[in-house]
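Working notes, beginning with the structure itself.
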Amino acid sequence: MDALTFVSLLLTTARLTRLVTADRITEKYRVAIISRVSPEGLLAYLIVCDWCVSFYIGAAVSGAWWAFGDYGWFELVTLALSASYVAGFLNSKVDD
């Protein structure tokens, strides 16, 4: 694995973690799951915990790289997610 691929997989994991735990676009799904379980329980916590979710997403991304890393579409997806994360992060730091 080269350095660009490694960084891309890290940033892809970060972007997908943010998508699951905090982005507005997935909020209704998080709320639906949390409303079906105890809001104070471990499952509800797991859904909003960046550290918890990132482990599972990191494992999935690593497994996907192992299975599909030689395919151009996989690189395209991971680079797009990486660019999304970096752009979102940088834009959140700019004063309006």
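The residues of the chain are indexed from 1 along the displayed sequence. Heavy atoms only: backbone and side chains are in, while hydrogens, waters and symmetry mates are out.
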For T78 and S8, run side chain to side chain donor-acceptor pair (under 3.5 Å): C-alpha distance rounded to whole Å, both residues' side-chain angles, the deciding distance at 0.1 Å, then the answer. CA-CA 6 Å; T78 59; S8 179; 3.2 Å; yes
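The shortest heavy-atom contact between A44 and P39 is CB-O, 3.5 Å. The shortest heavy-atom contact between F74 and G69 is CD2-CA, 4.0 Å.
For the side-chain contact (heavy atoms from CB on, under 4.5 Å) test, residues two or more places apart in sequence or in another chain that qualify with Y56 are L46. Among residues two or more places apart in sequence or in another chain, the side-chain contact (heavy atoms from CB on, under 4.5 Å) test is passed with V53 by T17, V20, T21, I57. When the side-chain contact (heavy atoms from CB on, under 4.5 Å) test is applied to A87, the partners found at least two apart in sequence or on another chain are N91.
L42 CG to I47 CD1: the interatomic distance, rounded to the nearest 0.5 Å, is 11.0 Å. Atom OG of residue S54 and atom CZ of residue R18 lie 13.5 Å apart, to the nearest 0.5 angstrom.
By the 4.5 Å side-chain criterion applied to Ile, Leu, Val, Met, Phe, Trp and Tyr, L76 is assigned to no cluster and stands alone. Connectivity analysis of hydrophobic side chains (ILVMFWY, heavy atoms under 4.5 Å, direct or indirect) links V7 to L11, Y85, V86, F89, L90. Through ILVMFWY side-chain contacts below 4.5 Å, Y29 is grouped with nothing and stands alone.
L9 and V77 end up in the same hydrophobic cluster when Ile, Leu, Val, Met, Phe, Trp and Tyr side chains are linked at under 4.5 Å. Tracing side-chain contacts under 4.5 Å through hydrophobic residues (I, L, V, M, F, W, Y), one never reaches L79 starting from L81; they form parts of separate clusters.
Applying the salt bridge (Lys or Arg N to Asp or Glu O under 4.0 Å) test to every pair with at least one member in residues 4-17, sequence neighbours left out, gives these pairs: R15-D23. Applying the salt bridge (Lys or Arg N to Asp or Glu O under 4.0 Å) test to residues at least two apart or on different chains, none of the pairs has a partner in residues 36-56. Legend: side chain to side chain donor-acceptor pair (under 3.5 Å) pairs involving residues 61-75, not counting sequence neighbours: none detected.
When side chains are defined from C-beta on, V48 counts as touching I34, because their heavy atoms get closer than 4.5 Å.
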